[in-house]
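First up is the structure itself, then whatever we jot down about it.
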Number of protein chains: 2
Amino acid sequence: MCTFISYKKQSLILKKVITLKHIARELEVSISTVSKALKNSEEISRDTKERIQAYAKLYNYRPNNIAISLKNKRTKNIGVIIPDIVHHFFTTVVRGIESYANSKGYNVIVCLSDESFDKEVINMEMLANGSIDGFIMSLSVGTQLKNDYNHLKEITEQGIPLVMFDRVTDEIKCDKVIINDREGAYMAVKKLIGNGRKKIALITTDNYLSIGKQRTDGYRDALRDHGLEVNENLILSMPQMKMDEKAISDFYDREEVDAVLCVHETFAMYSMRVALKKGLKVPEDIEFIGFTDGNLSKYAYPSLTAIAQHGEQMGEMSSKMLIEKIESEKEEEEETYVTEVLQSTLVERESTKN
Amino acid sequence: MCTFISYKKQSLILKKVITLKHIARELEVSISTVSKALKNSEEISRDTKERIQAYAKLYNYRPNNIAISLKNKRTKNIGVIIPDIVHHFFTTVVRGIESYANSKGYNVIVCLSDESFDKEVINMEMLANGSIDGFIMSLSVGTQLKNDYNHLKEITEQGIPLVMFDRVTDEIKCDKVIINDREGAYMAVKKLIGNGRKKIALITTDNYLSIGKQRTDGYRDALRDHGLEVNENLILSMPQMKMDEKAISDFYDREEVDAVLCVHETFAMYSMRVALKKGLKVPEDIEFIGFTDGNLSKYAYPSLTAIAQHGEQMGEMSSKMLIEKIESEKEEEEETYVTEVLQSTLVERESTKN
DNA sequence: TTGTACGCGTTATCAT
DNA sequence: ATGATAACGCGTACAA
């Protein structure tokens, strides 16, 4: 790493930020007159309004967001807590959240829990003290493992609106947006069966907690519903995100497999790679379907048939639900919580036959 | 999309958010006494301090961030404006920014310009009115095309610290963090030449503006420095991000090519796919190197040799520079601006020979 | 038509 | 040791 330091002199003509007070002093009127004039209030004479507005425009007056937030007890910020951001799915969700929020005049404060319980708690507490009007979040692995949701309870008890998406928990009563994962897996397996596959493997990980379970259920159900026996040996559970080509290679050697469903596209890439290396033809000899319809699935060769999770839609939905809660003001004694279940869809590509 | 609505009754025992005023009233002391007591001030008697602190703890008192921001004229928020978030590189940068900022007690407000000039301007103006202490940003394509940087000028004139990364402009005097793109391309081509390649193509796009030019320069320089002639026919410029297999296929048919440098990993994936389809062997018959060391490069088969841009490091650096500026307070008449140039590195994988 | 006063929650300065 | 007051910037109910 090398550094070029360039010393540049700047005359720093700081266009000082103007406040109502400055304008009032300068124009020799009161602050409230200025305030009203800038709001085009009927109370103020055309004449003074024009003077004030002209001056404000000239000096590029903009109301201070912080002062307004303090006054209104509304920040127009929403806090988003996600486990990771270098992650296609979460990224699409954030895009959806941001786009809707933005259209409603809200900003998005993103904090990363880094899959850690502690960071999740710290970040949420940091934001909960007035910085945001509501939260949208997806549980970190750490939190799911610890099974401790007190920080979320506190948030809701404080009356701060909360929407959970994807990685949710029944422990917390709040709005939720999830995807029908079981159904997704079911569809995928059904597709494989339809293509004449009989020895369908599932490559999963113990890490995907709530999510992983549903996908496995869908896999099992689909097999059973189509008269195929569930062979536990065909379920390979890999520890963590650490993919291990050797383990997959051994798996293929050990079991006869003609199709593979993977709980994530990276898994699919790995297992397809191993198959290709063994000289198998995709999709002729073996077919692949992966969860998460990300760039990998799209650009891979052969491209991967995938179960799309519609992250952007999920984000928009979460954002919409949150903002409606925020703006509904109804401090009713009885709250209504909704769980939206989005349907996953199968995006067919080259790794499966048509 | 189907919806399960669950009506759940909640007794909404809203743990009301407590302020200094409440504590003061309840404990029959003044607000300032409470404030001091909670700061463990020496002025306050041990006795009252203990009472107050106990009460505050019991009711989980937390100072209101907004009020503090208003008072201090410091929000402890930094605004990050990026063109897109469903994008591996920007995502890694955000992670770097967030991680450093967080360690310094700052939150990150992320806004997406969506490659649009207008959105970039709107978002920045929105945040500039007191919501943030400084900006970190990368120019949208729209802004680069329009070549209009007045919004950035205004920001700096207002004395708001600004750090630009990756997609920067000379028009604005501020701290910058960029990567040595020319050098990256140079290294890549040198590597290919070292492997005995002589017909090295460049697949680029006119969209990559400032960045694209440097990469092309590096490509040209490397060829020339190693006694190879630059054949303009070997430079394929594709419009936009719209990849077109046909165009690449025709390109291969038209020109003899034994290695390809691509300005983005998606381009590399496409061009490699076309080559594989034509029955070429990678890396025996043709080698590939792509910019952006993302998931595609890593998980592809064959995996792609890539020029890593070290986004996370870039983010950390930007974050560090910005926070130092924010906290340095020095409103000197003469500002010093630094441009950090990070070195890209070549990550060798299967798409090139060793 | 314009201005005064107060409040949002906090902190710092200056009395008492 | 404790409290009153002002200030941050804004908006508004109420006076004048």
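Keep in mind it's a predicted model, so treat the numbers as computed, not measured.
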Original post:
To the side chain of Tyr61(A), which of dC10(D), dT2(C), dG3(C) is closest?
Top reply: dC10(D)
Original post:
Rounded to the nearest Å, what distance is computed from the CD1 atom of residue Ile18(B) to the C1' atom of nucleotide dT10(C)?
Top reply: 16 Å
Original post:
Toward the 5' end of DNA chain D, which comes first, Lys21(A) or Ser35(A), by nearest nucleotide?
Top reply: Lys21(A)
**OP:** Run the numbers on Tyr106(B) and Asp133(B) for side-chain contact (heavy atoms from CB on, under 4.5 Å), then give the verdict.
**Re:** CA-CA 10 Å; Tyr106(B) 284 77; Asp133(B) 296 337; 3.8 Å; yes
Original post:
For the side chain of Ser30(B), counting heavy atoms from C-beta on, which of dT2(C), dG3(D), dG9(D) is nearest?
Top reply: dG3(D)
Original post:
For Lys71(A) and dC6(C), what is the distance between atoms NZ and C1' respectively, to the nearest whole Å?
Top reply: 8 Å
Original post:
DNA chain C: Glu43(B) or Asn64(B), which has the more 5' nearest nucleotide?
Top reply: Asn64(B)
**OP:** Provide the closest heavy-atom pair for Ile326(B) versus Gly134(B) in the form atom of the first, atom of the second, distance.
**Re:** CD1-N, 4.1 Å
Original post:
Touch check for Ser32(B), heavy atoms < 4.0 angstrom, all strands: base, sugar-phosphate only, or nothing?
Top reply: base
Original post:
Reckon Lys39(B) touches a base, only the sugar-phosphate, or nothing at all at heavy-atom distances under 4.0 Å?
Top reply: sugar-phosphate
Original post:
Rounded to the Å, how far apart are Asp47(B) CG and dT2(D) P?
Top reply: 8 Å
Subject >> Separation of atom CD1 in Ile23(A) from atom P in dG11(D), rounded to whole Å >> reply: 11 Å
**OP:** Let me know the distance between CG of Asn40(A) and C1' of dT1(C), rounded to the nearest Å.
**Re:** 15 Å
Subject >> Residue Tyr55(A) excluded, over 12 heavy atoms near OH under 6.0 Å >> reply: yes
Original post:
How many Å lie between CG on Asn72(B) and P on dG9(D), as a whole number?
Top reply: 12 Å
**OP:** Pick base, sugar-phosphate or nothing for Leu20(B), based on heavy-atom distances below 4.0 Å to the nucleic acid.
**Re:** base
Original post:
Just checking Ser69(B): base, sugar-phosphate only, or nothing, at a heavy-atom cut-off of under 4.0 Å?
Top reply: nothing
Original post:
For Lys320(A), does the NZ atom sit with more than 12 other heavy atoms under 6.0 Å from it, leaving out its own atoms?
Top reply: no
**OP:** Have a look at Lys73(B) and say if it touches a base, only the backbone sugar-phosphate, or nothing, with a 4.0 Å heavy-atom cut-off.
**Re:** sugar-phosphate
Original post:
Counting only heavy atoms not in Tyr149(A), do more than 12 fall under 6.0 Å of its OH?
Top reply: yes
Original post:
Which nucleotide sits closest to the side chain of Lys36(A): dT2(D), dT12(D), dC8(C)?
Top reply: dT12(D)
Subject >> Euclidean distance, atom NZ of residue Lys49(A) to atom P of dT1(C) [Å, nearest integer] >> reply: 9 Å
Original post:
Side chain of Ile31(B): nearest nucleotide among dG3(D), dT11(C), dT2(C)?
Top reply: dT11(C)
Original post:
With sugar-phosphate meaning primed atoms plus P, OP1 and OP2, does Ile68(A) contact a base, only sugar-phosphate, or nothing at under 4.0 Å between heavy atoms?
Top reply: sugar-phosphate
**OP:** Can you tell me the distance, in whole Å, between the NE2 atom of His22(A) and the P atom of dC10(D)?
**Re:** 10 Å
